[in-house]
There are 2 protein chains.
Amino acid sequence: MPKQVDPHERRTLLADALLRVAATRGLMDVSLRHVAAEAGVTAGMVQHYFRTKDDMMVFALDVVSARVQARLEADPTTHDGPRAVVRALLVQLLPVDDDRVLEGRVAIAFHAYAASRPTVATRLREDTRGMRAMIAEQIRSAGRGALEPEQAATGLLSLVEGLAVHVLGGHVTADHAVATLDAHLRMAFGHVSVLGRPDDPEHPRAEHR
Amino acid sequence: MPKQVDPHERRTLLADALLRVAATRGLMDVSLRHVAAEAGVTAGMVQHYFRTKDDMMVFALDVVSARVQARLEADPTTHDGPRAVVRALLVQLLPVDDDRVLEGRVAIAFHAYAASRPTVATRLREDTRGMRAMIAEQIRSAGRGALEPEQAATGLLSLVEGLAVHVLGGHVTADHAVATLDAHLRMAFGHVSVLGRPDDPEHPRAEHR
DNA sequence: AGGATGACGATACAAGTGCAATGTGACAAG
DNA sequence: CTTGTCACATTGCACTTGTATCGTCATCCT
């Protein structure tokens, strides 16, 4: 048997290159040869690790979702109560720093891609469903807010996704997006009197940039 | 001088074909020849009316935004007070029927496209800015809700955009999306006691499908 | 030591891409 | 009736795309 190589590591390397291409030049420019060039390898190697282009796409999507989940679990604020948990999750999805801007671009690109590839759409749907259930669960466990948990969960998730789009498009600033998210979080978690309430003392101003 | 034709009409015809292709097969499948085939014309004619592919893209984007705005102005509920105006606008952006599903697919595709084409991004940004200002204005004129008008406006707009993505992805149903939107509209327009409030008598259940 | 085996690299190929150049024909002004 | 002009059609070209095929070379097991 020949050289000992970890295939998963190789694939991840290539997936990273793909994500970089997708974020900077758009998904339309993602091709075998571009990814290979970005990764600094030959096109033949890419072909060796992904039998088809769609395989490569799906794997790259898995990489990002796994990465987001990993970052969430590594977040220290996870143990500060349900609202902090939800906030930590949602902020992960907001393009507040350069890394997340790239990931955000990738995410929206994949949402467009999913419209014509059922495989990708299913994968995306699973991820979303998990998050939604988790958020609704946390909201339910934290007494009642101004909305019923199910609607509050879809509302928050949709809000964040829309905010991400608007931030990436330059329609609003990242600060404004985080502030808007916080305002909606207060409503979802039962602080009914919102107007005039300065800010949450637990999370002074979040990590803006 | 030869045959008398309305160039704008021709271009709109071609733009419609492009939108159909983009909605059904994705933006990656939009090509000169595909659009021509969808429109039932030759590729040479497409080239005659659009010097470059990017011209065609931008024009198609203009067509959709103009169409959305026209539909909004034609909405009879526009004269039922600020909240009805905002609701009418936002529902236009939600994929509640087949036509709007297609438009929604187009919209998300263009958002992805805008990430790499500054021209498209600018055009998109202008449209969004207009809507945002209009919503904030209406909220301000309608007494105060639970959020400050600026945040409420970006919140509603982002919420709808996110909801559209989720509906298109099959993550939530159109009904659930409209219900969520209505719940958030109540908060933005100052009906603070939300939970337990059955529904708005003015707008019984909206036009679901 | 030797061969099997897997990790690559190179090349080929059909199909599709955007775009330019050139043709063709009709129709209206003179 | 001629003629210029505009609306389209055709063709061609250089290039990129995804995928299949074959070659090569290092490596590990026996």
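If you're wondering where the values come from, they're calculated on a predicted model, not measured in any experiment. Order of the sequence lines sets the chain letters (A, B, ...), proteins ahead of strands, with each chain counted from 1.
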Rounded to whole Å, how long is the line connecting atom [atom1] of [X] with atom [atom2] of [N]?
X      : N      : atom1 : atom2 : value
B:M45  : C:dT24 : CE    : C1'   : 17 Å
B:D54  : C:dT17 : CG    : P     : 16 Å
A:R117 : D:dG18 : CZ    : C1'   : 12 Å
A:R11  : C:dA7  : CZ    : P     : 10 Å
B:R10  : D:dC6  : CZ    : C1'   : 13 Å
A:H48  : C:dT11 : NE2   : P     : 19 Å
B:D55  : C:dG18 : CG    : P     : 13 Å

Considering only distance and modelled atom types, tabulate donor-acceptor pairs under 3.5 Å from the side chains of residues 22-31 of chain B, sequence neighbours left out.
residue: B:T24; atom: OG1; partner: B:R20; partner atom: O; Å: 2.9
residue: B:T24; atom: OG1; partner: B:V21; partner atom: O; Å: 3.4
residue: B:S31; atom: OG; partner: B:H34; partner atom: N; Å: 3.2

Please evaluate residues A:L61 and A:V64 with respect to the criterion side-chain contact (heavy atoms from CB on, under 4.5 Å), reporting the C-alpha separation (whole Å), side-chain torsions for both, the decisive distance (0.1 Å), and the verdict. CA-CA 5 Å; A:L61 181 57; A:V64 290; 3.9 Å; yes

Walk me through whether A:T154 and B:H176 qualify under side chain to side chain donor-acceptor pair (under 3.5 Å). CA-CA 9 Å; A:T154 49; B:H176 192 77; 3.2 Å; yes

Selection residues 56-65 of chain B - residue pairs positive for salt bridge (charged side-chain N to carboxylate O under 4.0 Å, His left out), sequence neighbours left out: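 Matches after skipping sequence neighbours: B:D62-B:R123.
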
How about B:E161 and B:L93: do any of their side-chain heavy atoms sit closer than 4.5 Å?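 Of all side-chain heavy-atom pairs linking B:L93 with B:E161, none is under 4.5 Å.
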
Hey, does B:T12 have a side-chain heavy atom less than 4.5 Å from the side chain of B:R67?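 A side-chain contact exists here, since the closest heavy-atom pair is under 4.5 Å.
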
For DNA chain C, find the residues of residues 18-44 of chain A with a heavy-atom distance under 4.0 Å and give them by number; none if there aren't any. A:R33, A:T42

Checking A:F50 now: which residues fulfil ring-ring contact (aromatic ring centres under 6.0 Å, His included) with it, not counting sequence neighbours? A:F59

Reckon B:T52 has a side-chain N or O less than 4.0 Å from the OP1 or OP2 of C:dC19? yes

Do A:R140 and A:E148 meet the salt-bridge criterion of a basic N to acidic O distance under 4.0 Å? no

For nucleotides 20-23 of chain D, give me every protein contact, N/O to N/O, under 3.5 Å, one pair per line with atom names.
residue: D:dA20; atom: N7; partner: A:Q47; partner atom: OE1; Å: 2.8
residue: D:dA20; atom: N6; partner: A:Q47; partner atom: NE2; Å: 3.2

If a pair satisfies ring pair (Phe, Tyr, Trp, His ring centres under 6.0 Å) and one of its residues is in residues 103-124 of chain A, list it, with sequence neighbours excluded. none

